[in-house]
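The block underneath contains the structure these notes are about, expressed in structure tokens.
Just so you know, these numbers come straight off a predicted model, no measurement behind them. Here is the naming used below: chain letters follow the sequence lines, and residue numbers restart at 1 for every chain.
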Amino acid sequence: MNDFKLYAEANDWGLLVPEISLAFGALLLLCREALRKQGRESGGGLAFLLQGGLLVYFVARYLFFDPRPDSAGESAFNGMIQQSFPADVMRCFFLGCAFLTSLFANPGLRERRLPQAEFHALVSLAAASMMLLVQSNHFLMLFVSLETVAVCFYVLVSYHRGSPYSLEAGLKYLVFGALSSAILLFGIALLYGTAASWSGGTAPSDPLSFTMLEQFVAANSDSLAVRAGTAFVLAGLAFKLGAAPFQAWVPDVYQGAPTAVTAYLAVASKSAGFVVLFNLVTGPLFGLREFLIPLLSLVAIITILFGNLGALTQTNVKRLMGFSGVAHAGYLLVGIIAAIGMHPDVPEKSVFWAIVFYLLSYSLASYGVFGVMGVLAPTEDADQPRSLYSSLAQKQPFLAFTLAVGLGSLAGIPPLAGFIGKLLLFVVAFQAELYGLLAVMVMGVVIAIYYYFAWIRETVFPPLPSLDSSDKEPQVLWSPQFPSLLLACILGLLTLTTILLGFYQSSLGQSF
Amino acid sequence: MNEEILFYLFSTLMLFGGSAVVLSRNPVNAALYMILALVSLAVLFLTLDAFFLAALQVLVYAGAVMVLFLFVIMMLDVDLRERSRPNIMAAALGLVTTGAVVAILLTWVGEGSTIRPSVGSVPTPGNPLAFVTGSKAFGYALLTKYMLPIQVAGFLLLVAMVGAILLGRRTKLKSSEGKDGS
Amino acid sequence: MDGVLGIEEYLVVASILFCIGLLGVILRRNVLLILMCLELMLNAVNLALVAFARYSGNMDGVILTFFAITVAAAEVAIGLAILVALYRRRKSIFLQDLNLLGR
Amino acid sequence: MDVAWEMFLLKVFYGILALVAILTFAAYAVLAERKVSAWIQGRVGPNRTTLPIVGDIPILGPFLRSLGLFQPMADGLKFLFKEEMCPGQVNRFHYHLAPILALIPALSVLAVVPFGQYVASTGADPIPLVLADLDIGILLIFALSSLGVYGIVLAGWASNSKYPFLGGVRASAQMISFELAMGLSVLPVFLWVNEPGSIGGLNLARVVDWQDNGWGMIFVQPVSALVFLVALFAESNRLPFDMPESETDLVGGFHTEYGAFKFGLFFTAEYAHVIVGSAIFALLFLGGWHFLPGVEDPWPIGWSGAALSFLWFALKTFAMSFLFIWVRWTLPRFRYDQVMKLGWGKLLPLALGNLLLYAVLASWMG
């Protein structure tokens, strides 16, 4: 059984130190919770320490000790995963998201007296599996880690189990998620089946591996089964992205989920989906570019239009963020299309850099906005009409400023990071000669400015004095509180980074 | 010969069970038909020489998942019959989609092979991941090549367990009426 | 093997089952039944995977099926837990009654 | 007639034989239950029933009568000829389906249970006597026996009546809870049997072969045996775990609304479970058909040896069945929450720890 020995020896666990420590940290949290004495609250301190520490360790490791921007990517675990610099960047990114999510969620959990340790454990596990997801180089690994992420999110979305909103969102997310995973699996099965029984040429020994599928797909790009399989795989992934045809869950789930989880879902889960999609379309499915470009273009157009038009009429800001999240997924899809269909002299790296920068700016701004929303949330945080924010600038100028910067960045207002992100995407789309898509994108951005600004305006200007209630305050029940110092620092940091990235993004880009 | 009889008998049963799940109005009936479909599928696995999976299929699906379903159906003991008729638009959409899927597969099927390679029962050193009928191959594959996914799957089950416990626990929330213990 | 029973038969059966499941997901309004129909779809894919694996002599499809069964079980467990928790609040498991969001 | 066809007929013949045997055993297990309970309670037990001709033989007849050996026949006749009743409130289809669903899995498990060995005169390896010599034996047994719960659950639900319903719900929860511990408890056994270089697999006959020195697995893995035994009691719904039918709080549990032949089916299924469970325990932990510890198997070569090995195995099975009955009439019933706590809080960690211990041991021993 020598080959088995070879297989076993190829498992180099040292490569996955961050994931393993996150997972064991989660286990530690759960064990501590299980052994906890009755009546003693366990805070999230351990979780913050773990996630923040890992983040620092990881960033430091890549900045100072082991920078490998030019390595072609190392395959490990018998081809299950492939480590490369972009994947490492994304791993840091997910760690940061997990840290922010845990931090933002903690006050709400404490207030609602929900179990905290389990929440942080789930967030850590979701981050670990997303980190594995972006490294996966094998459809089996992709499926398993994707499902682990999904299951974590099913629980996280319905975490406010006393609230019917949260539970309903969780159920909807689960039904859509299970449907999309069935479709994804069907696509994988089709690809696997055609590759495994390939009669022309040598059939790949491991038909689920990306590397082996790449040759097969390139040679059979006109096969209907391969195309159908690809379409099914993409449809399954579209659920993660919140893109058409699986975008219908997004507004409902974003609204119902606990706010911190919404941010996590909007940023981390979506980014994981995009990186996987990028890996797929530039790797195993690259041979199908003639088929993929029109398909994805159609998806992108529908996604952008659905998101922006849907957001126009929303008065609930959480739903608005949901619709706008769909729109952002559409913009990012344009980046993906540019990656497939780009002009030969545009390096692939620059496209990836554009996508990553967009994700970064999107995550900074989203966490800023969702952070403010979490602070201001009433007891039922699914129920956030825009009027809740009226004249916030007078009551809490700091929060209002954070919100305004975040929204401005999301809308793509010039000096902020979001503007640069959009600009980079425009540039790559232009280089790839996707003029039609560019037009749709510009239209979407213009619409987006309208609804984001309606919200900013609400926060700055006091509401119109109503005629009949002269001496009664409209919001007697609600007074915004200033967040804890830690949270305020983090929010300030996010805002600052959003502004600074708008000016100094080029030095970051050179490291790619 | 035997295989063919088994195949046709049980695929008919499976498809019947599946359609009955979709059509039945009573959830308990649906669960029973579901069990029929799942067990028939296990027999189809047997005709494909996947003995281990067949046993696993019955054990996991019929033995655990469907018991869970029945348990929940009984726990929610209310009138679970559907009140509204399914809408026609959705039905039309479904028919079109499913028709497309079948068409695609049938087109591909024209290229399908009818010859099964002969297989042994234990994995061979030369080609350790070739299809074999024995259950040992699973152990070797899962613990060597697929060690990482199996660990991830373990965490997946952990998450499911934690989640089910969390969500299923009786709530001690401020919103719930009075103070209910346990 | 005599080769009388080809892979086509298995694939046709699998795809029909998949479509039945999909139709069920689209048509039914009872979340319990929707979950069951999702299981049907996953099972159909499993059958296709095992058939592919058997006819190509490659083990990976069977392993993937193993994982698919695991995932399906986990999904059902979570789904039923959410369903029960939701039922305690809303006293209904029909899609048309799950309409709090988006009002 | 070709060989395949002959083999097929042979298997069918074996199958019918096994069915007849298990049904007879089940019937006499009922008698044993009554006799043992009577003995434990200081009574005599059934000793009146007699047959016209056999019972008239001078000395033998009264002796057999006092043993109650004719009682099962009378019971069987009673089940057959009682009036078939169907309560008005029940869900008719499921009500009739339930007993059938309860009996089928209990009987079909037999297909993979080996019950003896045949040693050919040429000195070849002994062949286990089993209907289907499958690689996945124990897994199939678990799979099939896990289907047995549907009969109970369905009976409880279809009866459309409070107590049977509670019984059905309890049965499903209990089944899921203990199946896990049961599965985990046999893993160390197969870990031991599948030592490097062996043929391996999950076959029950392999486990028995491993124990061919006569020392049962119970000496190697006592904890596994204990957990398996407890889970076996719970899975076959025997006291002290007979939550689904505990007559003091649920009248008759899931079969409250059943009578006559349908009740007979449930009854048979329960005892079939007991016997098959005892057989599996004997196979896994008591050395199957191998003789006493440290003693070479005295079975002669050929069919007579096969018969002897079968008888010895049957003896072990009966001893185990006796244990089942003994426990039932000795121990009080648990409370329902205690049963669940035992399953999840005690047995599962115990089984897990045991598995870990043996896994570490196995890797340490190489």
| remark: Comparing A/Val144, A/Leu156, A/Val155 against chain B, the one with the most heavy-atom pairs below 4.5 Å turns out to be A/Val144

| request: Considering only heavy atoms and a distance below 4.5 Å, find which of A/Val149, A/Val151, A/Leu16, A/Leu167 pairs most often with chain B. | output: A/Val151

| query | How long is the gap from CE on A/Met130 to CG on A/Leu125, to the nearest 0.5 Å? | reply | 10.5 Å

| query | With only heavy atoms counted, which part of A/Glu147 is less than 4.5 Å from chain B, the side chain, the backbone, both or neither? | reply | both

| So which part of B/Leu157 gets closer than 4.5 Å to some heavy atom of chain A, the side chain, the backbone, both or neither? | neither

| request: Please flag which part of B/Val152 lies under 4.5 Å from any non-hydrogen atom of chain A: side chain, backbone, both or neither. | output: both

| query | Taking the six-membered ring for Trp, are B/Tyr146 and A/His138 parallel (under 30°), tilted (30 to 60°) or perpendicular (over 60°)? | reply | perpendicular

| Are A/Tyr192 and A/Phe139 close enough that their ring centers fall under 6.0 Å? | no

| said: Determine whether the aromatic ring centres of residues A/Phe153 and A/Tyr264 are separated by less than 6.0 angstrom. | reply: yes

| request: Could you pull out the closest heavy-atom pair between B/Ala62 and B/Val67, with the gap in Å? | output: O-CG2, 3.9 Å

